[in-house]
Amino acid sequence: MTEHEERRRSEAEDIEPLPQAPPLEVQRAQEERLLKAWKTPEGWRYWSAVNNSEVGKWYTAAAFGFLIFGGVLALLMRIQLAVPGNTFLSAERYNQVFTLHGSVMMFLFAVPIFEAFSIFVLPEMLGARDLPFPRLSAYGFWSFLIGGIFVCGSIFFDAAPRGGWFMYPPLTTDYQPGVGADIWLLGLTFIEIASIAAAVELIVGILKCRPPGMRINLIPLYSWYILVVAGMILFAFPPLIAGDILLEVERAFDWPFFDAARGGDPLLWQHLFWIFGHPEVYIVFLPSIALVAMIVPTFARTAIVGYSWIVLAAVGTGFLSFGLWVHHMFTTGLPGISLGLFSAASEAVAIPTGVQIFCFIATLLVGRVVRVAAIKFVLGGLATFVIGGLTGVMVALAPFDFQAHDTFFVVGHLHYVLVGGAVFPIIGAFYYYFPLAGGKKLSETLGTIAFWLMFVGFNVTFLPMHLTGLRGMPRRVFTYPADMGFDVLNLVSSIGAFVLAAGFCVFLWDVIRPKAKQPISERNPWGAGTLEWLAEMPDKPWGVRSIPEIDGRYPLWDQPNFMRDVDEGRFYLPDAEEGLRETLVTSVIDARPIQCLRVPGPTFLTFFAALFTGGFFIFATYHWWLPALVSGVIALGTILVWMWTGTAPIPEKASKDVGLGLTLPLYASGPKSVGWWAMFITMLGDLTAFVSLVFGYFFYWTVHDDFPPDPSPGPGIFWPVIGGVALLAAWLLTVLARRWNRDDRSTLFYLSLLAAAGLSVGGAGALVVGVWNLEPTTHVYPAIVWLLVLWTVFHVAVGVMMLLYCVFRRLAGRMTARYDIDMANVALYWHFAALTVFITVAVIAGFPLVA
Amino acid sequence: MPETHDPPIDRSFRLFPEQASSVAGEVDAVYFFLLAVAAFFTVLIFVLIVYFALRYRRGANVRRGHGGHTNYTLEVAWCLVPFGLTMVMFFWGAKVYYRINLPPAEAAEVYVLAKQWMWKFQHPEGKREIDRLHVPLGRPIRLKMISEDAIHSFYVPAFRVKNDVLPSRYTTVWFEPTKPGAYHLFCAEYCGTGHSKMVGKVVVLRPAEYADWLAGRTDEPLAEAGRRMFEGFGCHTCHDPGPSQRCPPLEGLYGSQVPLAEGGFVEADEDYIRESILDPRAKVRAGYRPIMPTFEEQIDDEEQMILLIEYIKSLSRQRPRGAQLRSMENADEAAPQDPLPPPGVRPPMDDMPE
């Protein structure tokens, strides 16, 4: 069937809701069953909830708590800098404060707040009951909270990191003893892993859990942006994690990755950090622009102008943002050609950004604008962001960057981008979306006061910083002499900071003030057109009463009687006959329903898994290896129990009637299942981290003519090749085992998996034997070879555990020939593991031959 | 030179730092152009946001009909104009960049050593300074910079120059002062606890004043100190021309293209010389065996390294080796011999800060 025909067919089969509502008593019975299935646990068990509404709320509140913490740190800095020669903070304390301020705002507020809020709102926006992996969200949240408290708490013990939020070695490797840098590296790596977990969840959610009919061109813009951003996280965070590993290994074990005296190079860190760090800016900015894209149409009372242009621009920005990182390194003395390329790319990124902003302005033009607090924050934010964006175009030019780099000009610039591009829209979104969380609106009056205080305060704080910087004040100085000419400007900035803080206090009061007497808001209070506004006030835990069929971008505006049809259960899944939590899985492009997915309910397992994972990282910070190991093993055990009991259960029947005459399977494996997608996406991120390490290897090769050093006591060829062949054989057996499982040839299945496990152990051993005589502390070459081998061995070890897991699953009857998600996902993991093995062997054994 | 002779730093308030180098005007021109473009678009977008939000507010009595026609002239114009603007930005920026990046051949050289938390300057003539750099007016100065520890960044706002100072690798920055006076020098890259105290000044003297200053109490020239190190380590036994020469000659080495044993060429710049002393096997000259041991242990710090490099560079200046050596021997006789400072002891400095 051609694409055209298929399209016609799907249009012809336009699915309508039931013409008649089910009888009232049937509706009541359905609602009762739904409510029972989705009931939020009560009392102390409340904290075992995993449902997106609860986890999303906690996550958002925690991220906001960290914003306040970071804000207080900022005020401390502004007090210190208000007058020259101030002694309010010592240099050491100030260095901790600015390091934490940057790190907290970036890693504990800006990225998590968007993930948190997306976990909260995305299912509602997609007419889903929950995201596909609720327990993964909960695990991510608890990891985030534990890691965040650990990192922030360090300042109360005078042990906080003080290397600046980009932690340049060799300052952070050789000249900062103490645990500060380790807290940063391990604590934040832990959080980054949580961020990636959330990103996987969001990507799969957007790709696979949309309502039927929501084809790819009908996805709400917010979801589009989140898809782009989650994809960016997937490729941006791994290089940082790779860098963190290198830096921490150098600190803990003296492997000289960044030590120039032993062949390392401090600039490698800068590359890895900014390959993460520049996309990070867009990871922070795009979700907020996504909020703008939701809020502006609602208050302009018209569909967004240039939907496809905005989507293209968002994707374009995402791509381009990976090609800009060197503009943070213009002053390191790189060749002119690099500067030219990255300078041009940095200017080019203004184009897609501009497209988005002009689309919003055009929407205002064609719409009927309503004056509410939310839109003030949004428009104020856009205006502020434009200034930050344009100063960004200025620093993209190397000659001007030489003047502005590392001065307060850049501090001003980045705050205009991040506060204008992220914080203001986020506060606007609070005013807009708050009714979804508790059924009550925030106050318009307080909102307007907060807006003006914040807007004025912000500009008074940060506009003068451009001048302070141009006059020469470097960033990150804890004080300055009186005669430099920085006094007046700094005092003005400090006053502005307190006005800004006052605005925040007003806003905060508005959020926490008691609202018992305030009436519940009407439903869809702003008259918006997108699905999340189906929510009842206050919202029911089931998310959406029945999962609708979508025909347009603004169903509440476009589809007549839409809310009534959803409420009366005239669409899909209006019932929970088996008392289980269910939602629909649809196809990626056309959103045709393909599966009825059962999602797990409340558990404390995720909390304990996060607690002990945290324990592993926290103990390792202090080099308490034994407790770290014990904690890690308990974490692993908890995760295994969670997997064993909570994932891929075999359903009691093959398929189920989901309403409107549609019967869907309850189980899917391979590319049809959400688990397969999650594994695929996770492994893409994992591979990116590995490629970053390989990048390190070749980076050393490009900067040193004698890399690998000659004569080199390298790993040779014999052992790596032996190991590689054994591991590739293990991979082949794993793939065969998947087939034999499907064919129900159980003996062959067990034998092949056990053989694969044996070969894996042998192969990994051979790889280690190959490098055993290399001394990684002597030179960067043995160090990076060791690291690539260790990375591979670790992945093989995880792979072996997975193989054994499959053996036991089948033995226990939890996996069969037909219900084989576990085996399919493990085989997928092994595809990536095999690729890792192949690259490692090719690099460590093959490359010295051709170099 | 006592501090009182230095001109004071101009403290009058201005929005923008003084233009005190030959490139400052050009950088500022780029800046003002960028500022004008940015201001134009900022104002344009502000006005559009406010105007549309107010004029097309709900309930306002305005015509809301769609134009319905396409104005191609307008569309082409708003594509081409910003395109043209960015092209101007880019090429103008590139032009100024190359001006900033390529030091003139005749530039005088000063070595800069950054360490936590001070700036050390070594003039080839022998003057050494801390946190204060004296330079002559109207002469291009090229700084060869290296760090003893963390990454620092050399930043003189009035000259519009900034460049990172890395460990184990020389970076270069140059400027030509155009105005006598004293100017702030900052470390722009966060380098630890004392980062904010790592400030100094650059003093621009008129040529006559500068000559006086140079003539003041001085240490021996860097190349001369380097020669004594060179001989102290016994380098001359292998590198000197003659029957016992087993290593490449060093005369004319600096700035030349060195053929390598493994093929290809490398330019003999400061980094190459430094590397060849610390890791002689890294890039062996074609026709020689890799017999030289590393001198990593013997050389205490980057300061001593600079002496050696300066000496080897001096072998490539003007005269053939013999003449140069002779003149140095004469100089030895003229100047009283200072023993080389023992390892770890800082050589005497002019202008030690109090």
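In the text below, chain A, chain B and the rest are named by the order of the sequence lines, each starting its count at 1.
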Structural part of A:F360 lying under 4.5 Å from a heavy atom of chain B: neither
Please determine, among A:G389, A:A362, A:G336, the option with the most heavy-atom pairs under 4.5 Å with chain B. A:G336
Residue, of B:C191, B:S153, B:P82, that accumulates the most heavy atom pairs under 4.5 Å with chain A: B:C191
Of the listed A:L470, A:L397, A:L365, the one with the largest count of heavy-atom pairs under 4.5 Å with chain B is A:L365
In terms of side-chain geometry, is the basic nitrogen of B:K162 or A:D401 positioned less than 4.0 Å from the acidic oxygen of its partner? no
Greatest number of heavy atom pairs closer than 4.5 Å to chain B - which of A:G164, A:G333, A:A344, A:A91: A:A344
Looking only at B:V27, B:V30, B:V165, B:T86, most heavy-atom pairs under 4.5 Å shared with chain A are made by B:T86
Heavy-atom pairs under 4.5 Å with chain A - which of B:A158, B:G194, B:C187, B:A150 has more of them than the others? B:A150
Could you check which of B:I151, B:T171, B:V266 has the highest count of heavy-atom pairs closer than 4.5 Å to chain A? B:I151
Highest number of heavy-atom pairs under 4.5 Å with chain B among A:F400, A:Y480, A:F330 belongs to A:F400
For A:F98 together with B:Y190, are the ring centres under 6.0 Å from each other? yes
Heavy-atom distance under 4.5 Å to chain A: side chain of B:A188, backbone, both or neither? both
For chain B, find which of A:R476, A:Q403, A:M473 contributes the most heavy-atom pairs closer than 4.5 angstrom. A:Q403
Heavy-atom pair of closest approach, residues A:P399 and B:Y97: CG-N, 3.7 Å
Residue selection (most heavy-atom pairs with chain B, distance under 4.5 Å) from A:V477, A:V369, A:D259, A:L467: A:V369
Choice from B:I100, B:I45, B:L35, B:V173 maximising heavy atom contacts with chain A below 4.5 Å: B:I45
